[in-house]
Amino acid sequence: MAADVINLRQARKQKARAEKEQSAAENRAQFGRAKHEKAVTRALKAKVEKALDQGKLEKPE
């Protein structure tokens with residue numbers, strides 16, 4: 001009934017690597033977009049802003 005012997009130093013390092021990989025995966029999902037995808041998003045945002053600005057009424061001064 002002996003328990004498995006583990007090296008705590010190696011276990012800590014393995015846990016740190018797993019956490020770092022988890023963080024990297026989250027960053028890839030959030031920021032890992034291709035250059036053309038970013039350009040398309042910027043263009044769509046500019047088009048929407050332009051359409052909104054065209055519909056604004058100017059205040060008389």
Side-chain angles (χ1 to χ4, degrees):
M1 294 195 98
D4 290 334
V5 177
I6 61 168
N7 187 328
L8 295 177
R9 179 181 52 85
Q10 289 178 347
R12 278 193 299 267
K13 285 184 177 184
Q14 188 176 20
K15 181 180 176 188
R17 282 188 210 110
E19 289 174 356
K20 191 173 181 181
E21 178 58 34
Q22 173 78 21
S23 175
E26 290 172 1
N27 285 338
R28 280 193 300 270
Q30 186 175 2
F31 300 110
R33 295 179 11 199
K35 191 173 187 176
H36 71 277
E37 291 173 336
K38 292 178 187 177
V40 168
T41 303
R42 266 187 258 118
L44 289 174
K45 184 176 178 184
K47 183 178 178 181
V48 168
E49 288 178 3
K50 184 178 177 183
L52 285 175
D53 288 342
Q54 289 175 348
K56 287 185 179 179
L57 298 176
E58 294 185 25
K59 293 184 180 181
E61 292 182 33

Quiz prompt | Where at least one partner belongs to residues 37-52, residue pairs that pass side chain to side chain donor-acceptor pair (under 3.5 Å), sequence neighbours excluded | solution =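 Side chain to side chain donor-acceptor pair (under 3.5 Å) check on residues 37-52 returns Arg33-Thr41.
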
Quiz prompt | Within residues 23-32 or reaching into it, pairs that qualify as side chain to side chain donor-acceptor pair (under 3.5 Å) - sequence neighbours excluded | solution =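 Qualifying pairs, neighbours excluded: Glu21-Arg28, Gln22-Glu26.
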
Quiz prompt | Candidate pair Gln10 and Gln14, rule side-chain contact (heavy atoms from CB on, under 4.5 Å), full reasoning | solution = CA-CA 6 Å; Gln10 289 178 347; Gln14 188 176 20; over 6 Å; no

Quiz prompt | Approximate separation, where rounding is to 0.5 Å, of Lys15 NZ and Leu8 CG | solution =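 Going from NZ on Lys15 over to CG on Leu8, the span is 12.0 Å.
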
